[in-house]
Amino acid sequence: MCIRDSIIAAIIFGFFFYQSRVTRDYVDVLGAAAERFESDIVKWNITIEENTNLSNVGEGYRIIQDKRDRFVKILSSQGIPEEGININPIYTQNRWEDGKIVGYTLRQSLFIISEVIEKIENLALNPNELLENNIFFQSSSLEYFYSKIDLLKKDLLTKATQNARERAEKILQDSPYHPGRMISAKAGVFQIIEPYSTEVESYGMYNTSSRKKDITVTVHAQFLIQ
């Protein structure tokens, strides 16, 4: 077993309390499964901000629009399709000083959905080209998702169920019996966390901050004893 698999296994058994119970009729076990995967979709969240006084609000709007348009051109030059760019309306907030409105803060939020993760990361993490074009962001963050997460969850549930049967067989190995038909099964919540993290929630987790992720799940199963 490699170091990565050992750590994932440790995470599983650290998170979930393993319990087994044998009666005259059935064996009650908790199966578990885990896998590491890499996201194939990135979401780049951006906010552009401009402060104005009371008399030049229109100029503030034009500045934001100009920055936004230049930013979109840079994305296009990097081969990032415009259909993945989502632009929200400009939001205006009063700026106060000594109890009086002295101007406004204009903010516009955008988010880009893309499968070309490397290009998005290069712009977001190394913004030299943006700075050279006088483009500054009030906020900038990346979120990572996986387009085949439903298929991965189904596969993991199958593996956790198989693991439950293997555990039932292990429990009964020194007896003349073996696990038969599964009479009930209940899946736990999915924990999708960053690698080597020990963070979990009772209602499940979906960490979006890391490109690589670990996914774990348990299945509580009962097998008839034969």
Chemist: What I'd like to find out is whether the side chain of Val189 reaches to under 4.5 Å of the side chain of Tyr203, using heavy atoms alone.
Modeler: no
Chemist: I'd like to know if the side chain of Asn94 reaches the main chain of Ile101, judged simply by a donor and an acceptor atom lying under 3.5 Å from each other, with no hydrogens or angles considered.
Modeler: no
Chemist: Please check: side-chain N/O of Gln191 versus main-chain N/O of Glu201, any donor-acceptor pairing under 3.5 Å?
Modeler: yes
Chemist: Any luck finding a side-chain donor-acceptor pair between Tyr91 and Thr47 under 3.5 Å?
Modeler: no
Chemist: Is it true that Asp66 and Arg62 make a salt bridge, defined as a side-chain N closer than 4.0 Å to a carboxylate O?
Modeler: no
Chemist: When you look at Met182 and Thr161, which way does the side chain to side chain contact (heavy atoms under 4.5 Å, CB included) test go after all the steps?
Modeler: CA-CA 10 Å; Met182 184 172 64; Thr161 303; 4.0 Å; yes
Chemist: Evaluate the side-chain proximity of Asn134 to Arg70: yes if any heavy-atom separation is below 4.5 Å, no if none is.
Modeler: yes
Chemist: Nearest heavy-atom pair of Asp40 and Ser147: which atoms, and what distance?
Modeler: OD2-OG, 2.6 Å
Chemist: Phe145 and Leu142: same hydrophobic cluster, using ILVMFWY side-chain contacts below 4.5 Å?
Modeler: no
Chemist: Apply side chain to side chain contact (heavy atoms under 4.5 Å, CB included) to Lys67 and Glu50, showing your working.
Modeler: CA-CA 10 Å; Lys67 288 182 179 180; Glu50 187 69 25; 3.5 Å; yes
Chemist: Can you name the nearest heavy-atom pair linking Val27 to Pro179, along with the distance?
Modeler: CG1-CB, 4.5 Å
Chemist: Indicate yes or no: at least one non-hydrogen side-chain atom of Trp44 is less than 4.5 angstrom from one of Leu123.
Modeler: yes
Chemist: Is the OH atom of Tyr206 crowded by more than 12 outside heavy atoms at less than 6.0 Å?
Modeler: yes
Chemist: Checking the side chain of Asp174 only, and the main-chain atoms of Leu172 only, is there a donor and an acceptor separated by less than 3.5 Å?
Modeler: no
Chemist: Could you tell me whether the side chain of Ser76 and the main chain of Val72 form a donor-acceptor pair under 3.5 Å?
Modeler: no
Chemist: Output yes when a side-chain donor or acceptor of Ser77 lies under 3.5 Å from a complementary backbone atom of Ile74, and no otherwise.
Modeler: yes
Chemist: Under 4.5 Å between side-chain heavy atoms, counting indirect links through other Ile/Leu/Val/Met/Phe/Trp/Tyr residues: same cluster for Ile48 and Ile87 or not?
Modeler: yes
Chemist: Do Ile85 and Ile41 sit in one hydrophobic cluster, given that two such residues count as connected whenever their side-chain heavy atoms are within less than 4.5 Å of each other, even indirectly?
Modeler: no
Chemist: Rounded to the nearest 0.5 Å, how far does CE of Met205 lie from CD of Glu194?
Modeler: 8.5 Å
Chemist: Taking all atoms of both residues into account, what is the closest heavy-atom pair of Gly103 and Leu54, and its distance?
Modeler: N-CD2, 3.8 Å
Chemist: Determine whether Asn45 and Glu143 make a side-chain contact, defined as any pair of heavy atoms from C-beta on separated by less than 4.5 Å.
Modeler: yes
Chemist: Any donor-acceptor pair under 3.5 Å linking the side chain of Arg165 with the backbone of Gly31?
Modeler: no
Chemist: Examine Lys153 relative to Phe190 and say whether NZ or CZ is less than 6.0 Å from the centre of the six-membered ring and inside a 45° cone about the ring axis.
Modeler: yes
Chemist: Cationic tip of Arg36 within the cone over Tyr196's six-membered ring, i.e. under 6.0 Å and within 45° of the normal?
Modeler: yes
Chemist: Is the closest side-chain heavy-atom distance between Glu129 and Gln78 below 4.5 Å?
Modeler: yes
Chemist: Between the side chain of Asn53 and the main-chain N/O of Ser55, is any donor-acceptor distance below 3.5 Å?
Modeler: yes
Chemist: What ring-ring contact (aromatic ring centres under 6.0 Å, His included) pairs are there with at least one residue in residues 98-120, not counting sequence neighbours?
Modeler: none
Chemist: Let me confirm one number: the CD1-CD distance from Ile90 to Glu49, rounded to the nearest 0.5 Å.
Modeler: 12.0 Å
Chemist: Group every Ile, Leu, Val, Met, Phe, Trp and Tyr by side-chain heavy-atom contacts under 4.5 Å, then state whether Ile63 and Phe137 land in the same group.
Modeler: no
Chemist: I'd like to know whether Asp155 forms a side chain to side chain contact (heavy atoms under 4.5 Å, CB included) with Glu35, so could you lay out the CA-CA distance, the side-chain angles of the two residues, the decisive distance to 0.1 Å, and finally the verdict.
Modeler: CA-CA 10 Å; Asp155 181 61; Glu35 189 169 329; 3.9 Å; yes
Chemist: Minimum heavy-atom separation for Ala221 to Asp28, with atom names?
Modeler: O-OD1, 3.4 Å
Chemist: Can you establish whether the number of heavy atoms outside Glu115 located under 6.0 Å from its atom CD is more than 12?
Modeler: no
Chemist: Say you draw a straight line from CD1 of Ile113 to CD1 of Ile80; how long is it, rounded to the nearest 0.5 Å?
Modeler: 12.0 Å
Chemist: Would Lys213 and Asn207 satisfy side chain to side chain contact (heavy atoms under 4.5 Å, CB included), going step by step from the backbone distance to the final call?
Modeler: CA-CA 8 Å; Lys213 308 178 193 296; Asn207 178 285; 4.2 Å; yes
Chemist: Kindly compute the distance separating CG (Leu157) from CG (Leu152), expressed to the nearest 0.5 Å.
Modeler: 9.5 Å
Chemist: Do the side chains of Ile46 and Phe71 get nearer than 4.5 Å, heavy atoms only?
Modeler: yes
Chemist: Please tell me if the side chains of Ile149 and Ile192 come closer than 4.5 Å, counting only heavy atoms from C-beta onward.
Modeler: yes
Chemist: Enter the distance from Gln138:CD to Arg107:CZ here, rounded to the nearest 0.5 Å.
Modeler: 6.0 Å
Chemist: Once rounded to the nearest 0.5 Å, what's the spacing between atom CZ of Arg68 and atom CG of Leu110?
Modeler: 7.5 Å
Chemist: For Val219 and Ala185, work out which heavy atoms get closest and say how close.
Modeler: CG1-CB, 4.2 Å
Chemist: Would you indicate whether Glu82, at its atom CD, is surrounded by more than 12 heavy atoms from other residues, nucleotides or ligands within a distance under 6.0 Å?
Modeler: no
Chemist: Okay, side chain of Ser210, backbone of Lys212: is any donor-acceptor separation there less than 3.5 Å?
Modeler: yes
Chemist: Can you check whether Tyr144's main-chain N or O pairs, donor with acceptor, with Arg211's side chain at less than 3.5 Å?
Modeler: no
Chemist: Quick check: closest heavy atoms across Thr52 and Gly60, and the distance to 0.1 Å?
Modeler: CG2-CA, 3.7 Å
Chemist: So do Ile183 and Phe223 actually touch side chain to side chain, heavy atoms under 4.5 Å?
Modeler: no
